[in-house]
Amino acid sequence: MPESCDVLVIGGGPGGSACAALLADRGFRVTLLERAAFPREHVGESLLPASIPVLEQIGVMPQIEAAGFVTKRGATLVWGKDPDPWSWYFADDPEQRPSSFQVVRSQFDQILLENARAHGVDVRERHQVVDVEFEGERPAAVRFLHEGVEGRIAPRFVVDASGQAALLSRKLQLQQWDTFFQNLAVFGYYCGARHLDPPNDGNIFIESYAHGWLWKIPLHTGVSSVGAVVDKEIGQAGLREQGADGFLAAQIALAPHTCALLEDAELVGEPQVERDWSYRSSSFAGDGYVLVGDAACFVDPLFSSGVHLALGSAALAASYVSTALTDPRNRREAAVAYQTAYEKQYDYFHLTAQLFYGTNRTADSYFWEARRLFADQLGGDATPREAFVRAVSGQPPHGYERAVIERGELPAELAEEVQRRDRRARERQASAEAASADPEALLRAAPSLPPRVRLAQARNLSTSGYQQAFRLVVEGGESDGYPVTAVMAACIGKMDGRATLGEIIGAVDAEHQLRGAARLTEIVQRDLPTLIGAGLIDVQTPTVGRNQPCPCGSGKKYKRCHGA
């Protein structure tokens with residue numbers, strides 16, 4: 001008889017380790033099978049600030065901070081309209097953390113794997129999963145090899161975090177290859193390299209050149225990660241003629257800024273090649289299984305999104321698995337919510353990378369001509385404007401998008417859309433600040449939904465769990481929706497321009513027996529300025545004076561009735 005567990009995680013990379021730790025924290029018996037013995041080498045050293053909240057959630061930030069990794073404050077690039085380097089910084093975005101890390105993946109991944117073990121996960125290294133056996137559409141057992149001996153485990157749920165091996169995606173024929181990013185990467189490690197001048201010395205450096213682009217990442221061990229991304233067919237031909245060592249050296253020689261930084265550097269070991277490139281699975285989750293990180297999808301590494309997508313999907317997957325095991329009635333809806341949430345993150349990086357490739361004008365060559373951005377290339381049937389709107393979900397352009405605006409050459413309709421959204425963001429911010437500055441006026445006003453906005457019932461899958469929720473949807477196809485709780489939605493539904501906030505809260509409290517009017521008042525009063533400032537709720541201030549009769553017909557003065 002095979003062993004058993006609640007959840008079996010395939011792969012001990014960042015996605016697998018994080019998901020395993022989160023599930024163990026929720027009381028599940030988790031077994032993690034990793035084919036290698038850690039520490040093991042892995043490319044993908046540059047982290048985004050958006051990854052840090054998940055690292056905090058699994059309790060591993062003290063170890064990360066103590067490891068001595070290089071602090072990353074942004075990126076320096078040779079990209080866009082001119083050949084000179086330019087920089088952008090995380091601190092330029094007020095909603096983002098000001099720094100992240102350039103990590104040695106062998107050390108970083110081991111910290112996360114040991115953290116999973118400390119959380120109670122049964123971690124087994126040198127255990128290679130060879131197959132997942134299905135009964136119908138549901139996994140029944142996982143077969144593995146350990147020191148030549150085969151074993152089987154029968155879990156209630158399988159988390160595939162096998163990276164680009166994409167074990168389940170390949171087995172179930174879910175993988176769909178990207179037709180835009182048909183590239184390959186050749187990378188190695190150099191000691192003795194020069195770094196950029198402060199404050200950019202910890203930045204990732206990216207240089208576009210005739211055949212593609214190169215990266216250089218400084219690491220705290222004294223070496224730099226250096227890689228070239230080129231067209232797949234041209235790269236394969238070059239590798240056959242020159243070998244990995246000669247081909248990488250030839251690409252560096254074509255990029256003057258990278259070449260200068262590596263002038264006195266020495267290659268350590270043999271360069272590696274990554275041939276499989278961008279792809280996504282047609283389904284990210286099914287009955288009894290879920291795909292995490294690269295096992296579900298992989299996008300061009302231009303924006304260092306690999307670890308971030310792995311950690312973000314791991315947190316979402318933990319909520320999905322927990323829901324599926326404890327509340328099977330909601331399994332299918334939770335699976336859809338997981339795929340929707342993960343695809344939204346993936347699409348954001350996919351579209352932004354397309355924008356960067358398609359608007360670059362530093363070189364004229366086959367590589368760049370093949371990747372020029374045309375109206376029919378972005379978002380399938382959608383126009384570039386529609387694809388951009390869907391990807392950024394109504395947020396103002398920031399970070400990478402801002403860099404595209406300033407340095408790239410966008411299609412006219414897309415540039416106009418970006419500028420329009422930027423203006424709307426400033427207007428919303430000013431409105432929110434004005435509302436917050438006069439809370440008494442806010443409470444006297446009676447919010448109501450404008451005609452173009454409607455409430456839609458939805459399920460919300462977040463890192464904290466799977467919950468009933470509502471979403472404010474803007475008609476016309478634009479995803480400007482602002483997520484609100486069911487309680488907020490119920491309150492909004494009763495706003496008729498006459499009832500006070502207290503009366504509305506009281507009615508909802510009585511109708512749904514919430515038994516927490518004070519807490520409910522706090523939530524509504526806290527969230528309303530945000531909704532109003534975002535322009536998703538119109539504030540209709542009565543024109544009647546406070547000492548005049550209330551328009552509700554009560555006979556009382558307005559200030560004693562609905563003006564209270």
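As the structure is a computational prediction, the values presented were derived from the model and not from experiment. Values reported hereafter were calculated over all heavy atoms of this structure, with side chains retained and with hydrogens, waters and symmetry mates removed.
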* **Interatomic distance, D92 atom CG to F90 atom CZ [nearest 0.5 angstrom]** => 10.5 Å
* **D109: side chain to side chain contact (heavy atoms under 4.5 Å, CB included) partners, not counting sequence neighbours** => P14, F38, R40, H42, R105
* Asked: Just by distance, with hydrogens left out, do Q175 and S281 show a side-chain donor and acceptor under 3.5 Å apart?
  -> no
* Could you pull out the closest heavy-atom pair between H350 and F181, with the gap in Å? => NE2-CE1, 3.5 Å
* Taking atom CG of L32 and atom CD1 of I10, what is their separation to the nearest 0.5 Å? -> 9.5 Å
* Structure fact -> Result for side chain to side chain donor-acceptor pair (under 3.5 Å) between Y189 and one of Q272, E266, E45 points to E45
* Kindly determine whether Q63 and N115 satisfy side chain to side chain contact (heavy atoms under 4.5 Å, CB included), including the steps that lead there. => CA-CA 9 Å; Q63 297 95 303; N115 180 70; 4.2 Å; yes
* Asked: Quick one: salt bridge (charged side-chain N to carboxylate O under 4.0 Å, His left out) pairs with a partner in residues 47-62, sequence neighbours left out?
  -> E56-R97
* Structure fact -> Taking every heavy atom of A318 against every heavy atom of R26, the minimum-distance pair comes out as O-NH1, 3.6 Å
* Can D201 and V70 be said to form a side chain to side chain contact (heavy atoms under 4.5 Å, CB included), step by step? -> CA-CA 9 Å; D201 48 327; V70 171; over 6 Å; no
* Measure the SG-CG distance between C5 and L8 for me, rounded to the nearest 0.5 Å. => 5.0 Å
* Sequence neighbours excluded - salt bridge (charged side-chain N to carboxylate O under 4.0 Å, His left out) pairs with any residue from residues 111-129 -> E3-R124, E114-R117, R117-E125, D122-R124
* Structure fact -> With sequence neighbours left out, the residues meeting side-chain hydrogen bond (donor to acceptor under 3.5 Å, both in side chains) with D25 are H119
* **Neighbour count above 12 (heavy atom, 6.0 Å) for E41 CD** => no
* Might you confirm whether atom CZ of R35 has over 12 heavy atoms from other residues, nucleotides or ligands at distances under 6.0 Å? => no
* To do: Taking all heavy atoms of T31 and all of L33, pick out the closest pair and write down the distance.
  => CG2-CD2, 4.0 Å
* Main-chain N/O of D294 paired with Y279 side-chain donor or acceptor, under 3.5 Å -> yes
* Measure the acute angle between the ring planes of W213 and W215, then classify it against the limits of 30° and 60° as parallel, tilted or perpendicular. => tilted
* Asked: Is there a donor-acceptor pair under 3.5 Å between the side chain of Y338 and the backbone N or O of L291?
  -> yes
* **Near-ring test W88/W79, centroid separation under 6.0 angstrom** => no
* Asked: Once you round to the nearest 0.5 Å, how far does OG1 of T258 lie from NZ of K216?
  -> 9.0 Å
* Asked: How would you list, by chain and number, every residue that makes a side-chain hydrogen bond (donor to acceptor under 3.5 Å, both in side chains) with S305, sequence neighbours excluded?
  -> none
* **Non-neighbouring partners of L267 that pass side chain to side chain contact (heavy atoms under 4.5 Å, CB included), sequence neighbours left out** => Y190, D245, P271
* Residues that R29 engages under side-chain hydrogen bond (donor to acceptor under 3.5 Å, both in side chains), provided they are two or more places apart -> none
* To do: Verify whether the ring centers belonging to F349 and H308 lie closer than 6.0 Å.
  => yes
* Asked: Do any pairs count as a salt bridge (charged side-chain N to carboxylate O under 4.0 Å, His left out) and have a residue in residues 155-172, sequence neighbours left out, and if so which ones?
  -> D6-R156, D131-K171, R170-D276
* Asked: Counting heavy atoms not belonging to R331, are there more than 12 under 6.0 Å from its CZ?
  -> yes
* S4 side chain vs A154 backbone, donor-acceptor pair below 3.5 Å -> no
* Structure fact -> So the ring pair (Phe, Tyr, Trp, His ring centres under 6.0 Å) pairs with at least one residue in residues 149-174 (sequence neighbours excluded) are F157-Y320
* Asked: Is a side-chain N or O of S313 found less than 3.5 angstrom from the main chain of A310, in a donor-acceptor match?
  -> yes
* **Donor on one side chain, acceptor on other, S278 and D300, under 3.5 Å** => no
* For F144 and Q128, what are the C-alpha separation, side-chain angles and deciding distance, and is it a side chain to side chain contact (heavy atoms under 4.5 Å, CB included)? -> CA-CA 5 Å; F144 62 88; Q128 181 179 2; over 6 Å; no
* Kindly determine whether H220 and Q107 satisfy side-chain hydrogen bond (donor to acceptor under 3.5 Å, both in side chains), including the steps that lead there. => CA-CA 11 Å; H220 75 297; Q107 186 177 357; 3.2 Å; yes
* To do: Mind listing the closest non-hydrogen atom pair of N200 and S87 along with its distance?
  => ND2-OG, 3.4 Å
* To do: Provide the full list of salt bridge (charged side-chain N to carboxylate O under 4.0 Å, His left out) pairs with a residue in residues 224-236, sequence neighbours left out, each pair given once.
  => D231-R371
* F367 vs Y357 aromatic rings, parallel, tilted or perpendicular, using cut-offs 30° and 60°? -> tilted
* Mind checking the CD1-OG spacing from I204 to S100? Nearest 0.5 Å is all I need. => 11.0 Å
* Asked: Hey, is the main chain of F180 close enough, under 3.5 Å, to the side chain of D178 for a donor-acceptor pair?
  -> yes
* **I64 versus F69, closest heavy-atom pair with distance** => O-CD1, 3.7 Å
* To do: Quick one: closest heavy-atom pair of L47 and K72, and the distance?
  => O-NZ, 3.2 Å
* Only counting residues at least two apart or in another chain, list the ones meeting side-chain hydrogen bond (donor to acceptor under 3.5 Å, both in side chains) with R143. => E150
* Given the rule in the side chain to side chain contact (heavy atoms under 4.5 Å, CB included) test, do V7 and L325 qualify, once you have shown the distances and angles that lead to the verdict? -> CA-CA 10 Å; V7 183; L325 291 178; 3.9 Å; yes
* **Donor-acceptor contact below 3.5 Å, side chain Y346 vs main chain A341** => no
* Asked: Any donor and acceptor pair, going by atom type alone, linking the side chain of S17 with main-chain N or O of G12 inside 3.5 Å?
  -> yes
* Structure fact -> Output for pair (S51 OG, L311 CG), nearest 0.5 Å, gives 5.0 Å
* Decide if the gap between the ring center of F356 and the ring center of F303 is smaller than 6.0 angstrom. => yes
* To do: Dump the intermediate steps for salt bridge (Lys or Arg N to Asp or Glu O under 4.0 Å) on D347 and R280, then the final yes or no.
  => CA-CA 10 Å; D347 287 343; R280 75 167 72 200; 2.5 Å; yes
* In chain order, what residues pass the salt bridge (charged side-chain N to carboxylate O under 4.0 Å, His left out) check against R240, with sequence neighbours excluded? -> none
* To do: Would you mind reporting whether P199 and Y89 have side-chain heavy atoms less than 4.5 Å apart?
  => yes
* Asked: Pick from V78, L214, V226, I217: which one makes a side-chain contact (heavy atoms from CB on, under 4.5 Å) with F205?
  -> V78
